[in-house]
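Reminder, nothing fancy here: chain letters follow the sequence lines and each chain counts from 1. As a basis for the values below, the full set of heavy atoms in this structure was taken, side chains included, without hydrogen atoms, waters or symmetry mates.
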Amino acid sequence: MGAVLRIVACGSVDDGKSTLIGRLLADTDSVPLDHLEQARHLRRGGSVVPAGEIDYSLITDGLAAEHEQGITIDVAYRYSDLPGGRRLVIADAPGHDQYGANMAVAASTADLAVLLVDAELGVRPGTYRHLAVCVTMGVRSVVVAVNKLDAVGYDQAVFDRLAEQVRTVARDLGAEEVHVVPVSAVGGDNVAFASPNMPWHDGPTLLDVLVRWRPGARRRSVETRLPVQYVIRGDRFRGPAGTVVGAALSRGDEVSVAGSGVVTTIRRVVGPDGDLDRAEPGTPVTVELADDVDVRRGDLLTGRQAPPPSTELLATVVWTGARPFDSGGDYLMLAGPRVVSATVTGPHGLLDVRNGRTTSAETLSVNDIGTVTVTTASPVFVDSYADSRDTGCFLLVDRLTKDTVAAGMVVAPQHPGDVVPQDYAVDRASRERLKGQRAKVLWLTGLSGAGKSTIADAVERRLRALGVHTYVLDGDNVRGGLNADLGFAPGDRAENVRRVAEVARLMLDAGLVVVVALVSPFRADRAAARALFAPEDFVEVWVDTPLAECVRRDPKGLYAKANAGVLATMTGIGQDYEPPTAAEVVLDGTASTAASVARLTAIVTDRG
Amino acid sequence: MSAPTQQTTLDRLESEAIHIFREVAGEFDRPVILFSGGKDSTLLVHLAIKAFWPAPVPFPLLHVDTGHNFDEVIEFRDEVVAQHGLRLEVAKVQDWIDDGRLQERPDGTRNPLQTVPLLDSITSHKYDAVFGGGRRDEERARAKERIFSLRNAFGQWEPRRQRPELWNLYNGRHRAGEHVRVFPLSNWTELDVWNYIEREGIELPSIYYSHQRDVYLRDGMWLTEGPWGGPRPEETVLHKTIRYRTVGDGSCTGAVESEASDIREVIAEVAASRLTERGATRADDRLSEAAMEDRKREGYF
C-alpha cells in the first residue's frame, strides 16, 4: 500500500462535483476556517444556497474567471489526510464536454476514480465520457457516487435502478472494480458520515470506500530502470542521478546502458539521506559506477532485461494542442528525460468516448484521444503503458511554440528485433513441386505506352496455355488499391516500387511466375527491388520504345495531359526515365508482341 | 504511480521535489532559487542540497529585498549562504525606488513592489527557471497552478498557455525571453512543511518561534515597529508573546499570539489551527478575493 491515495473526481456539469469535494474536505477537517468563512459569505450567480450557510462548491472553485462563469476550467489539486494516515490527493477535473484533456491530466496519476451521477438525471453522455477517459488512462477502479438522493426523496428504488445501470456501463467500458454509494453532497449524507435519511443503505460511505481501498493485482511490473536526469559532478565524484522505477536498485547490481550494450556495476547508491544498500522504486538516487562509462541525461541504466531500443511505436495520444494533429509532422518527443525528434503519423483510430469504441478519423483535435505511429530519429527505451505507467508514457511538444500538444501512452513498442520470421514446413520448393514449375519474377520497366501491359497480358495468356500458374502486377491496377495512398513524387514512386516488389516476393514464395508491369523509372528503385531477390529469380526486362512512339500511341491520353501542363510528374515529360544499364532482357517495343512473348516464355520455361 | 510500501507521505513529497530539481538542472541553462530566509524558501534550499549532494547546488539564489526586513531573518539568510557555499544575488526594492523605476506606495507596503525588481533581475541575469516555494494548499487560486508554470517574455502568467502536466513529465521547453516558474513544494501542505522541518532538523529564523515583542494592532493583525514605520498615535503598543507564521514585508506581516517556542509546539499549534497562514497573517492577500490571481497575472508569485 502506498502512503498516498490519488483519486480523480469526475462528473457532468451540475452533477454537484464541487459540492461533493467541498463536503468531503470539510467533513474530514481539511478546510481552513478562513476558507470556510469565505464560502459562507461569497455567492456566485445562480447559487441556491441560502445566505449564511456554507456553499461547499466554493471551497474548491479557484480562479476568478470561473467564479463568474460558474464552471471549472482546469484541474485543481486538494489534499486531505484519511483516517489511518494515508494522504488523499483529489484531482478535480472539469465536467464540460470540451475539456476531455483536463480529465486525462487528472486521471494520469490517479489510483481510483470517483464518478458522480445525478439521481434525478441518471446516466448521461458525460458519464460514459468520463469513464472512457479514465479507463484509457489506466484507471480501472471506480467509486460511483449517486448524488442528490435528497431530490428524489432518498428513494431506494431510484438508487438501485441507477446502481444497476451504472455498473453495467462501467463494466462495458472496461472498469474492473465498481463501488456505488448513494449520497447527498449538499446534506453530507453518506459522504463522510452515514446518512440518517437512508437507513436502507447498509454499505459504506464514500469516505469508508476511500479509506478501505487498496490497489488490486498489480500491473505487470518491469525490471529495474534508472532514467538518467542529470549527471552530478563534484570533487572527485561523478554520478548519474535519477529516480528508480520498476524494481529496486541495489549496490553491487550489474547494470547496462540501454542501447549501448555497455555493462558495469553499481558501486555506490546515494539516496536523499546518504548511502543506501538498496533503493526502492520511487527513490531519487545518485549512483557511482564501477567503470568510467559515458552516461548522460536521457540515457537509461537498466537491470539484466533492458527494454530493446524502439524507433517506431504505436501509441494512444490525448491531443492537447490548440492546432490539430499534423500527420507526418515533426514533433519533439519527451520520454522521461530522453528528448528525441519524432515524426508522427495517423490517426489510425479515434476513441469514441460515448461508447469506448474506436472509429476512424482524419485528424485529432484538442481533447481527442486516438492512436498514432511515432517514428523517432534516435532510439527510445519504453515499455507498454499497460506494463508500466512510469516508462510507458511520453509528451509530444510543438517545435515552434514549445507547447505540449499531446500526451502519449505506448500501446506497443515495435522493436525491430521483435520480428522473428516464422519457418513453415511447406516452403517455396514444395509449392513449386506441386505446380510443376519454377517461380520467377519478370520485371517489365519502360515508359508509359511502351507496351508493358500489352506484353504482360500476352505472356500470361501464353503461359496459362502451357499450364503455368501466373500473376500480373500492373502498376495502374495496384495504384487503385494497395498503393491508393501514393502519388507520383519521387518519394511516392520509390514506395510504390518497394511495395510492388515486396508483393512480388510473396508471390514468388507462393510458387508463382509473376509478371510486373511498372514504369519504375528510377534506377535506384529498381536496384532496391532487385536486391530483394536471388539473382536467378529476378529478370529485369526493359521494354525499349522511343518516347516519340509512346507519345504517338498515348493509349491513356496521359502525354496529351502532360503536354498541356496538367500532369507535371509524367515520366519522359516532367520526370526523367532512367534506362536500365544491365537489364537481362531488352525488348524492342516497336517490334511485334509475338516476338517479345516468345522470348519471355522461353525464359520462364527454362529454354531461354 | 505505484508506491513502495516503505515510503511515508513525507518521503514521497521529498522524492518528488528532488526529481523536479534534477529535471530543471538537466533541462535549463540558468536556473535560480528565490530565497528570502523564510521557511518555505529555506526548505527549498535544503531540498536542493539533497538533490545534488555530494556536489554543490549548481545554481544561485536570488532575494528580492523589500528593505522591510526582520534583522533575524537577514542574518539567518546570510548564514545559510555562507554555511553551504552558495551564491546569493540581492535585488533591493530600495534601489529601484532611489532611481525612480518604482514609487513608494501611499500605504508604505512594499510586497507588491517586488514584482518589478524580480522581473528585471530575471531579464538581466537571463534566468530561465525560477524556483519558488508556492504550495497549492495556500490559496484557492493556487490549487490549479502547474509545477512548471510558464511566464511570457513580460514575466506574465497566461492562463491559456499553461501546459497540461501528466505523470511525472514536465515540459520545460520555452521560447527565447520566456521563463518557467518551478514549484517543487506544490503538493505539500503547511503541516507537511513543518513536519519535514522537524524530521530533517532544519534551522529557521528565530522569529518563527515564540518570543517577546512590542506590537500594535492594525486591521486585526499584530504588527511591530521597524524601518517601515510604527504605530499611529491612536494605536497602542503592547508587550506580547508572539511568533510569526510567515516572514515578509514587516509593514504588513502580522504576528500571532503564541507560546510555541520549539518545533514540536509549533506543529501542535499548526495542526490545531483552522486558519491558513496567509489568511491569518498576510494583509496583502486580504486585499481582494482574487488577490493572488491578480498578482500572479502581473508576474508576482
Side-chain angles (χ1 to χ4, degrees), chain A residues 1-4 32-35 38 42 60-65 74-79 86-87 89 101-102 104-105 108-109 215 218-219 221 229-230 232-235 237 241-243 270 272 280-284 286 297 320 332 334 336-337 389-390 393-395 397 401-404 407, chain B residues 1-12 14-15 18-19 22-23 25-27 50-56 58 136-137 139-144 150 159-171 173-175 178 186-187 189 192 273-276 278-280 289-290 293-294:
Chain A
M1 181 197 88
V4 177
L33 212 55
D34 47 329
H35 289 185
Q38 277 183 328
L42 286 173
T60 56
D61 285 356
L63 303 181
D74 215 331
V75 180
Y77 295 89
R78 311 283 163 189
Y79 311 91
R86 259 197 308 183
R87 167 66 46 85
V89 180
N102 280 328
V105 172
S108 72
T109 50
R218 289 175 66 95
R219 58 189 83 231
S221 62
Q229 290 183 278
Y230 186 70
I232 283 167
R233 289 181 182 81
D235 211 14
F237 182 91
T243 303
V270 182
E280 296 296 330
T283 311
T286 301
R297 176 171 167 84
T320 61
L332 282 180
L334 275 55
R389 258 188 184 182
D390 297 311
C393 60
F394 62 89
L395 302 178
V397 172
T401 64
K402 316 292 187 191
D403 290 336
T404 301
Chain B
M1 305 282 127
S2 57
T5 44
Q6 290 84 346
Q7 285 201 326
T8 64
T9 302
L10 287 183
D11 290 333
R12 292 281 296 270
E14 179 190 66
S15 297
I18 289 174
H19 184 85
R22 289 171 173 175
E23 273 305 287
E27 273 290 291
K50 281 192 148 190
F52 300 104
W53 190 87
R136 287 172 174 155
D137 84 324
E139 212 265 349
R140 288 183 303 174
R142 278 210 173 161
K144 300 183 172 186
L150 183 71
R160 295 241 156 248
R161 288 199 52 210
Q162 299 310 307
R163 293 151 176 183
E165 285 184 342
L166 299 92
W167 305 292
N168 63 349
L169 300 179
Y170 305 102
N171 172 13
R173 303 279 155 152
H174 56 278
R175 294 182 282 202
E178 297 180 338
S186 287
N187 291 320
T189 65
D192 291 329
S273 167
R274 302 293 311 278
L275 291 179
T276 58
R278 285 185 175 270
E289 151 54 5
E293 192 188 343
D294 293 344

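- Contact tally against chain A (heavy-atom pairs below 4.5 Å) for B:Gln162, B:Arg161, B:His174: the top residue is B:His174.
- Across B:Asp137, B:Asp192, B:Asn187, B:Thr9, a single residue satisfies side chain to side chain donor-acceptor pair (under 3.5 Å) together with A:Tyr79, and that is B:Asn187.
- Of all heavy-atom pairs between A:Thr401 and B:Arg163, the closest is O-NH2, 4.1 Å.
- With a 4.5 Å cut-off on non-hydrogen atoms, B:Glu23 touches chain A through its backbone and its side chain both.
- If you measure heavy-atom distances from B:Arg22 to chain A, the contacts under 4.5 Å come from both the backbone and the side chain.
- Interface remark: A:Val105 contributes backbone and side-chain atoms alike to the contact with chain B (heavy atom separation under 4.5 Å).
- Proximity to chain B (any heavy atom under 4.5 Å) is shown, for A:Tyr77, by both the backbone and the side chain.
- Of the two parts of A:Arg233, only the backbone, made up of N, CA, C and O, holds a non-hydrogen atom closer than 4.5 Å to a non-hydrogen atom of chain B.
- Contact count versus chain B (heavy atoms, under 4.5 Å) is highest, among A:Pro284, A:Pro337, A:Gly234, A:Ala407, for A:Pro284.
- Note that OG1 of A:Thr404 is 10.5 Å distant from CG of A:Leu332, once rounded to the nearest 0.5 Å.
- B:Leu166 and A:Ala104 get closest at one heavy-atom pair: CD2-O, 3.8 Å.
- Both the backbone and the side chain of B:Glu27 come within contact range of chain A, with heavy atoms under 4.5 Å apart.
- Between the side chain of B:Asn171 and the backbone N or O of A:Lys402, at least one donor-acceptor pair lies under 3.5 Å.
- No other option in A:Phe237, A:Tyr230, A:Phe394 has as many heavy-atom pairs under 4.5 Å with chain B as A:Tyr230.
- Under the 3.5 Å distance criterion, the side-chain polar atoms of A:Arg297 are matched with a main-chain donor or acceptor of A:Gln229.
- Residue B:His19 touches chain A through both its backbone and its side chain, counting heavy-atom pairs closer than 4.5 Å.
- In this structure, the portion of A:Thr320 lying under 4.5 Å from any heavy atom of chain B is its side chain and not its backbone.
- The greatest number of non-hydrogen atom pairs below 4.5 Å with chain A, out of B:Ser186, B:Pro56, B:Pro54, is found for B:Pro54.
- B:Ile18 is listed as a side-chain neighbour of A:Pro272, based on a closest heavy-atom distance under 4.5 Å.
- The closest side-chain heavy-atom distance from B:Lys50 to B:Glu14 is below 4.5 Å.
- There is no contact between A:Asp235 and chain B, counting heavy-atom distances below 4.5 Å.
- Side-chain N or O atoms of A:Arg389 include one that pairs as donor or acceptor with a backbone N or O of A:Ser108 at under 3.5 Å.
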